[in-house]
Amino acid sequence: MNYDNIMQLALERGFYFPSCEIYADAQAGFWEYGPAGVSMKAKFLELWRRELVRRDGMLEIDGSQIMSQSVFEASGHLASFADPIIRCKSCSSTFRADRMIFEVSKIEIPESADLADFDKVISEKNIRCSKCKGEFDKCRKFNMMFKVEIGPEGEPAYLRPETCQSIFVDFPRLFKTMRGKLPLGIAQIGKSFRNEISPRQSLLRLREFYQAEIEIFCNPNKLNDLEKFSEIQDTIIRIQIDDEVKPVSCKQVVESGVIPNKFVAYYLGMLTEFYEKAGIDITKSRFRRLGEKEKAFYATVAFDFEVQTTIGWLELVACNYRSDYDLTSHANKSKEKFEVLDDEQKVLPHVFEISMGIDRSLYTILEHSLREEKENDRIVLSVRPYLAPVHVGILSLVKKDGLKEKTDEVHLKLKRKYDTFLDHSGAIGRRYRRLDEVGAPFAITVDHQTLQDDTVTLRNRDTMEQQRIKIVDIDSTLSKSVSFP
RNA sequence: GCGGAGUUAGUCCAGACUGGUAGGACGUCAGCUUCCCAAGCUGAAGGUCGCGGGUUCAAUUCCCGCACUCCGCACCA
């Protein structure tokens, strides 16, 4: 199913929809999660906690979304998270100054150079608009961070453009108080904000979006000294080598030197296992090593985890080896000490980051899970049961003869523990179809036989088959079927 | 930001050229019927036709501006 099908499902079934849509001044790039979206997101994040945070013994924090200016002076975002742009005075086309200059004059100016340097070259080389030959306005910086003003004096601060800065800033306290030992993972789920020039495609390019980020602090001298590597050494990851995606075990990928060390391979393997359990079609995924030009300014080695969707390859996770870039910067700026003891030696940890886009991941799960079954005239969202927005539909075959009351009783027993949907009205087939579309893996139906022997039918979403089970056994049956792996 | 196409009920769309405040399908709700897979019948609710301005006696329709959505370019941690 394609992007449009997912969009329609999202709007009709309450997965997500545009923010502030009743007002004309609603801005692009902001979307809301509806009930089904929230339910699925919560379960996805629970899986993430299980498969990454708890599995690897990481710490989880929840930091402020607004952070002080100093943080971003140190992190480099104030200077580097901005593009020098020039605008044509006559046709108002906007270009990146550094690229325009390079194309025309072959002079390379780093994008972080002073604005005056760009203006100087533009006037010296008489660079004109490539569309209309018009003159350019003065070069200016477009910073993608949202600035906010704090208090009556309007002190400057920023909405964080990535969640991880809290983790770096908090690292000294966390390491001391949580009795940290390297390697130590610190994780965070939260919102980040980027003033994208042109947000697109609903959840895929947002101005306000969710990230699940993990920063693993490690001793750079011990990147191949990792006992737990044996856990994932046979896990197959799909990695792009010379334009070809090959499935290779984590062990092989290190031995062949495609991935620089066991440490990185370990987390890429773990990430693959996570997405497999999240129901993404792993055969449509790849790790792609980024070239020098594509990498973020803080990364020394970067792998993107990408998946194939109907609108092309989509980046779900950025895995960056950030070395000591962040800790050194924050140490210099704040005078705080970031060195820690590892085997009686003082080291400044390096950081490997797994930066996941939650919204994009959820979209991909929907796209990889939604299918149309023409023979049964239905659309089915075959998500993993433990991620389903609704675990179980609870239906009365008909309303009368006391079946409604009996159904309500069954519902009452289940609704605290499971995400249920109670439904008494309409044709039974239609109610099953509706549940199929929100991905409910099971439906329980109370019929006339229920009144005689306290049994109900349990319908399986994917097979449409039913089995009859005792009411007292519903809980244990469901419990097994919808629990996390 | 540029170029193109759009925006009408929860969803998908018709209507407009020829101005007189809207219609279908699906969905939703209620009732009857059926009694396990979108059946049928009856009825109902739901739209200031994206927003603002202009022309006009009258604008969803014509004109202008803006926003949003989609596609392409550019941008993109």
Side-chain angles (χ1 to χ4, degrees), chain A residues 3-5 7-14 17-31 34 75-77 80-83 85-88 91-96 99-100 111 129-132 142 144-145 161-165 192 194-202 204-207 209 211 213 290 294-299 302 304 311 315 317-320 322 353 355 357 373 375-379 395-401 403 425-437 443-449 456-461 463-466 468:
Chain A
Y3 177 83
D4 290 333
N5 302 131
M7 198 62 239
Q8 190 172 339
L9 178 81
L11 293 171
E12 275 186 350
R13 298 289 172 209
F17 47 87
S19 182
C20 311
E21 60 179 335
I22 63 167
Y23 286 108
D25 63 348
Q27 296 289 316
F30 300 93
W31 291 70
S75 73
H77 284 87
S80 303
F81 196 53
D83 293 329
I85 54 174
I86 40 175
R87 187 186 167 95
C88 172
C91 75
S92 66
S93 296
T94 307
F95 304 93
R96 270 187 62 154
R99 301 215 173 179
M100 176 60 75
E111 57 174 292
C129 173
S130 60
K131 279 192 183 161
C132 74
F142 175 68
M144 302 237 303
M145 284 195 294
E162 53 178 5
T163 58
C164 60
Q165 289 306 322
S192 291
R194 295 177 190 176
N195 200 357
E196 296 282 353
I197 296 169
S198 77
R200 281 281 163 89
Q201 287 163 326
S202 59
L204 305 186
R205 186 115 163 264
L206 294 159
R207 286 187 167 130
F209 59 101
Q211 292 186 299
E213 291 197 298
L290 301 188
E294 288 181 287
K295 284 187 314 197
F297 62 85
Y298 45 68
D304 276 356
I311 50 166
E315 177 195 335
V317 188
C319 303
N320 294 305
R322 297 174 77 125
E353 151 181 277
S355 173
E373 264 181 23
E375 64 277 22
N376 292 316
D377 193 21
R378 63 174 192 157
I379 288 170
L395 318 175
S396 47
L397 187 59
V398 292
K399 255 185 273 191
K400 54 186 184 184
D401 304 334
L403 292 188
S425 69
I428 192 74
R430 172 172 309 184
R431 285 180 274 162
Y432 288 145
R433 294 297 178 283
R434 209 158 27 205
L435 288 166
D436 289 340
E437 255 184 64
I444 283 169
T445 305
V446 169
D447 56 17
H448 288 98
Q449 192 181 329
V456 294
T457 60
L458 181 70
R459 172 186 183 268
N460 181 299
R461 173 195 67 199
T463 62
M464 295 173 70
E465 279 166 9
Q466 289 177 299
R468 191 161 272 281

Could you run down the sub-3.5 Å N/O contacts of the protein with nucleotides 38-49 of chain B?
{"residue": "B/rA38", "atom": "N7", "partner": "A/Asp377", "partner atom": "O", "Å": "2.6"}
{"residue": "B/rA39", "atom": "OP1", "partner": "A/Arg430", "partner atom": "NH2", "Å": "2.7"}

Atom-pair distance (CE on A/Met464; P on B/rC36), nearest Å: 14 Å
Does A/Asp436 reach the side chain of A/Asn376, with side-chain heavy atoms less than 4.5 Å apart? no
Go through A/His448 and A/Asp401 one step at a time and tell me if the side chain to side chain contact (heavy atoms under 4.5 Å, CB included) criterion holds. CA-CA 8 Å; A/His448 288 98; A/Asp401 304 334; 2.9 Å; yes
Give the C-alpha distance, both sets of side-chain angles, the deciding distance and a yes or no for side chain to side chain contact (heavy atoms under 4.5 Å, CB included) between A/Ser425 and A/Arg430. CA-CA 10 Å; A/Ser425 69; A/Arg430 172 172 309 184; over 6 Å; no
Side chains of A/Glu162 and A/Ser75: does their closest heavy-atom pair fall under 4.5 Å? no
Are any side-chain N or O atoms of A/Arg194 and backbone N or O atoms of A/Arg205, one a donor and one an acceptor, separated by less than 3.5 Å? no
Pair assignment for B/rA14, Watson-Crick or G-U wobble, requiring both distances under 3.5 Å: none
Please determine whether a side-chain nitrogen or oxygen atom of A/Gln201 lies at a distance below 4.0 Å from atom OP1 or OP2 of B/rC71. yes
Mind checking the CZ-CD spacing from A/Arg468 to A/Gln449? Nearest 0.5 Å is all I need. 3.5 Å
A/Leu290 side chain near A/Cys319 side chain, heavy-atom distance below 4.5 Å: no
To the nearest angstrom, the CG-P distance between A/Leu458 and B/rC37 comes to 17 Å
On a whole-Å scale, what distance lies between the P atoms belonging to B/rU60 and B/rC49? 6 Å
Taking atom C1' in both B/rA45 and B/rG27, what distance in whole Å separates the two? 13 Å
Nucleotide paired to B/rG3 in any strand shown, Watson-Crick or G-U, under 3.5 Å: B/rC71
Once you round it to whole Å, what is the distance between C1' of B/rC68 and CE of A/Met7? 12 Å
For A/Asp401 and A/Trp31, find the nucleotide of RNA chain B closest to each by heavy atoms; which residue's nucleotide sits nearer the 5' end? A/Asp401
Nearest-angstrom distance, P atom, B/rC70 to B/rC37: 40 Å
Would you indicate what A/Ser355 reaches in the nucleic acid, counting non-hydrogen atoms under 4.0 angstrom: base, sugar-phosphate, or nothing? nothing
Taking 4.0 Å as the cut-off, does a side-chain nitrogen or oxygen of A/Ser425 come that near to OP1 or OP2 on B/rA30? yes
From CG of A/Leu204 across to P of B/rU69 the rounded distance in Å is 13 Å
For A/Gln466 and B/rC37, is the shortest distance between a side-chain N/O and OP1 or OP2 below 4.0 Å? no
What is the distance, rounded to the nearest whole Å, between atom CD of A/Glu315 and atom P of B/rA77? 9 Å
Starting the side chain at C-beta, find the nucleotide from B/rC29, B/rC68, B/rC37 nearest to A/Ala28. B/rC68
For B/rC49, the Watson-Crick or wobble counterpart (both distances under 3.5 Å): none
Between A/Phe30 and A/Arg194, which has a closest nucleotide on RNA chain B that is more 5'? A/Phe30
How close or far is atom C1' of B/rC37 from atom CG of A/Asn460, stated in whole angstroms? 14 Å
Is the backbone N or O of A/Asp304 less than 3.5 Å from a side-chain atom of A/Glu315, with the two atoms forming a donor-acceptor pair by type? no
Is a donor-acceptor contact shorter than 3.5 angstrom present between the side chain of A/Tyr432 and the base of B/rC36? yes
Of the listed nucleotides (B/rG1, B/rA77, B/rC37), which one gets closest to any side-chain atom of A/Tyr298? B/rA77
For atom CE of A/Met145 and atom C1' of B/rA77, their distance in whole Å: 13 Å
Which is it for A/Arg434 and A/Arg13 under the side chain to side chain contact (heavy atoms under 4.5 Å, CB included) test, yes or no, and what are the steps along the way? CA-CA 9 Å; A/Arg434 209 158 27 205; A/Arg13 298 289 172 209; 3.5 Å; yes
Can you tell me the pairing partner of B/rA9 across any strand shown, Watson-Crick or G-U wobble, with both distances under 3.5 angstrom? none
Winner on side-chain proximity to A/Arg459, out of B/rC37, B/rC68, B/rG31, is B/rC37
What integer distance in Å separates A/Leu395:CG from B/rC36:C1'? 10 Å
Using Watson-Crick geometry (N1-N3 plus N6-O4 or O6-N4) or G-U wobble (N1-O2, O6-N3), each under 3.5 Å, B/rC32 is paired with B/rG40
Expressed in whole Å, how much space separates the C1' atoms belonging to B/rU21 and B/rG47? 11 Å
Would A/Tyr432 and A/Met464 count as a side chain to side chain contact (heavy atoms under 4.5 Å, CB included) here? Give the steps. CA-CA 9 Å; A/Tyr432 288 145; A/Met464 295 173 70; over 6 Å; no
Would the distance check show the side chain of A/Asn320 and the main-chain N or O of A/Arg322 forming a donor-acceptor pair, the cut-off being under 3.5 Å? no
Sorted by chain and number, sequence neighbours left out, side chain to side chain donor-acceptor pair (under 3.5 Å) with A/Asn5 holds for none
Letter by letter from the 5' end, nucleotides 7-13 of chain B scores (B base, S sugar-phosphate only, - none; protein heavy atoms under 4.0 Å) ----SS-
Base, sugar-phosphate, or nothing: which does A/Lys399 touch, judged by heavy atoms less than 4.0 Å apart? sugar-phosphate
Please work out if A/Tyr3 contacts a base, only the sugar-phosphate, or nothing of the nucleic acid, heavy-atom cut-off 4.0 Å. sugar-phosphate
For B/rU60, what is the paired nucleotide under Watson-Crick or G-U wobble rules, both distances under 3.5 Å? none
